[in-house]
Amino acid sequence: MSEASSGARPVPLRTVDVARASGYSVQQVRDLERLGVIPPAARSANGYRTYASVHVHALAAYRGLASAVGPVTAREVLSRVRTQPLAEAASAISELHVRLAREREEALRAQQALRAIRDEETPEVELDGDAMTITQLAGALNVRPSTLRFWEEEGLVVPERVTSLRARRYGLAAIRAARIVAALRNTGHGIPAVREIVGSLHRLDGREETRRILSERLDRIAARTVALLRAGADLAAVITSRESPGPPRGETGAGSGVSPDDA
């Protein structure tokens, strides 16, 4: 039974207690408090930090979020959701799930594009409605139009020019190439590496290497999704907690009689 449901008074925690429970060092707990990842600790009458269970939940949530979306985004999200209204905080967490789902969707589309390249000995008939403008393709890939123009300058994705204004038109081949380039860039590959992979796609070894990279990307997205799911219970504890994170000032509790290194 929890302290809240039993009516028991929460037991204040020392810095060392929070560090031990969360798996972080004492210094890391202080640093993450300073960065706003966890709520500010209360101070006892003798000036020592005193924490509560919400701090342990916040640190556990940060660990999962950092694995799922990276430490910078994790810090930003946690610093916001612990003070936002419940609906806004829940929406922010839902958006992280949506972001990962979009990444998975794009990696799957890149795999489909790779299969289409592999099977292009019997190419599908391209219809006018299959082509995209630069704005449409940028939106589909969740990149800026300027990014597509940069990829064109680098020779990675080559559109057609069909209108009197020489506007870009992306046919199926260019769309497939763009999906693969986007997926490779999202895995951290630099432009020279992407150029080499894209240039080798018509060789069997090139296609197999790209297939392996995309498969590994899907595995990483799955692992990040699991990390986000595991952080869910701790995130729920953080965003539903609106009580003071520590005992009232002046109560020493477990924080009394400890050395400054532990406080």
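Everything numeric here is computed off the predicted structure, so don't read it as measured data.
With sequence neighbours left out, Glu152 forms a side-chain hydrogen bond (donor to acceptor under 3.5 Å, both in side chains) with Arg161, Arg168. Partners of Asn186 under the side chain to side chain contact (heavy atoms under 4.5 Å, CB included) rule, at least two apart in sequence or in another chain, are Arg217. Listed by chain and number, the residues in a side-chain hydrogen bond (donor to acceptor under 3.5 Å, both in side chains) with Ser25 are Gln28 (sequence neighbours excluded). Applying the side-chain hydrogen bond (donor to acceptor under 3.5 Å, both in side chains) rule to Arg195 yields the partners Glu154; only residues at least two apart in sequence or on another chain are considered. When the side chain to side chain contact (heavy atoms under 4.5 Å, CB included) test is applied to Glu33, the partners found at least two apart in sequence or on another chain are Ile38, Pro40, Ala41, Arg49, Tyr51. The side chain to side chain contact (heavy atoms under 4.5 Å, CB included) search around Glu196 returns none, not counting sequence neighbours. Shown here are the side-chain hydrogen bond (donor to acceptor under 3.5 Å, both in side chains) partners of Arg224, two or more places apart in sequence or in another chain: Glu103. Asp219 meets the side chain to side chain contact (heavy atoms under 4.5 Å, CB included) test with Ser215; sequence neighbours excluded.
At a threshold of 4.5 Å between non-hydrogen side-chain atoms, the residues Glu106 and Asn142 do not count as touching. Side-chain contact between Val181 and Leu141: absent, with no pair of heavy atoms (C-beta onward) separated by less than 4.5 Å. Annotation: side chain of Arg34 is not in contact with side chain of Arg30 (no heavy-atom distance under 4.5 Å).
Residues Val29 and Ser22 share a closest heavy-atom pair of CG2-OG, 4.4 Å. The two residues Ala138 and Leu148 come nearest to each other via the heavy atoms N-CD1, 3.6 Å. For the pair Ala131 and Gln136, the tightest heavy-atom approach, listed with the atom from each and the gap, is O-OE1, 4.2 Å. Across Val26 and Val16, no two heavy atoms sit closer than the pair CG2-CA, 4.1 Å. In this structure, Leu214 and Ala183 approach most closely via the heavy-atom pair CD2-CB, 3.4 Å. Nearest heavy atoms, Arg75 versus Leu35: CD-CD1, 3.6 Å.
Panel note: side chain Ser241, backbone Val238; no donor-acceptor pair is recorded below 3.5 Å. A side-chain donor-acceptor contact under 3.5 Å links His55 to the backbone of Pro39. Looking only at distances, no side-chain donor or acceptor of Thr147 sits under 3.5 Å from a matching main-chain atom of Val143. Of the possible polar contacts, none joining the Glu216 side chain to the Ile213 backbone as a donor-acceptor pair under 3.5 Å is found. A donor-acceptor pair under 3.5 Å is absent between the side-chain atoms of Arg14 and the main chain of Tyr48, judged by distance alone.
Of the inter-residue distances, the one linking Arg109 atom CZ with Arg102 atom CZ reads 10.5 Å to the nearest 0.5 angstrom. With rounding to the nearest 0.5 angstrom, the CG atom of Leu235 is 13.0 Å from the CZ atom of Arg82. Here the straight-line distance linking atom OG of Ser146 with atom CD1 of Ile134 works out to 8.0 Å at 0.5 Å rounding.
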### Query
Run the side-chain contact (heavy atoms from CB on, under 4.5 Å) check on Trp151 and Arg185 step by step: do they pass?
CA-CA 11 Å; Trp151 291 350; Arg185 292 291 287 150; 4.1 Å; yes
### Task
Could you walk me through whether Ile191 and Phe150 pass the side-chain contact (heavy atoms from CB on, under 4.5 Å) test, one step at a time?
CA-CA 10 Å; Ile191 292 297; Phe150 173 67; 3.8 Å; yes
### Verdict with reasoning, Asp234 to Tyr62, per side-chain contact (heavy atoms from CB on, under 4.5 Å)
CA-CA 9 Å; Asp234 291 299; Tyr62 173 71; over 6 Å; no
### Message
Test side-chain contact (heavy atoms from CB on, under 4.5 Å) on Asp31 and Val37; report intermediate values, then the result.
### Response
CA-CA 9 Å; Asp31 290 342; Val37 170; over 6 Å; no
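The pair Arg211-Glu208 meets the salt-bridge criterion, since a charged nitrogen lies less than 4.0 angstrom from a carboxylate oxygen.
Leu108 shares a hydrophobic cluster with Leu218; the chain of contacts runs through ILVMFWY side chains whose heavy atoms sit under 4.5 Å apart.
Atom CZ of Arg230 has 12 or fewer heavy atoms from other residues, nucleotides or ligands within 6.0 Å.
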Side-chain donor-acceptor pairs under 3.5 Å in residues 64-72, sequence neighbours left out?
from  : atom 1 : to    : atom 2 : distance (Å)
Ser67 : OG     : Arg63 : O      : 3.2

Table please: side-chain donor-acceptor pairs of residues 89-100 below 3.5 Å, with sequence neighbours left out.
from  : atom 1 : to    : atom 2 : distance (Å)
Ser94 : OG     : Ala90 : O      : 3.1

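Both Val77 and Leu86 belong to a common hydrophobic cluster when Ile, Leu, Val, Met, Phe, Trp and Tyr are linked at side-chain heavy-atom distances under 4.5 angstrom.
Applying the salt bridge (Lys or Arg N to Asp or Glu O under 4.0 Å) test to pairs two or more places apart or on separate chains, none has a residue in residues 134-149.
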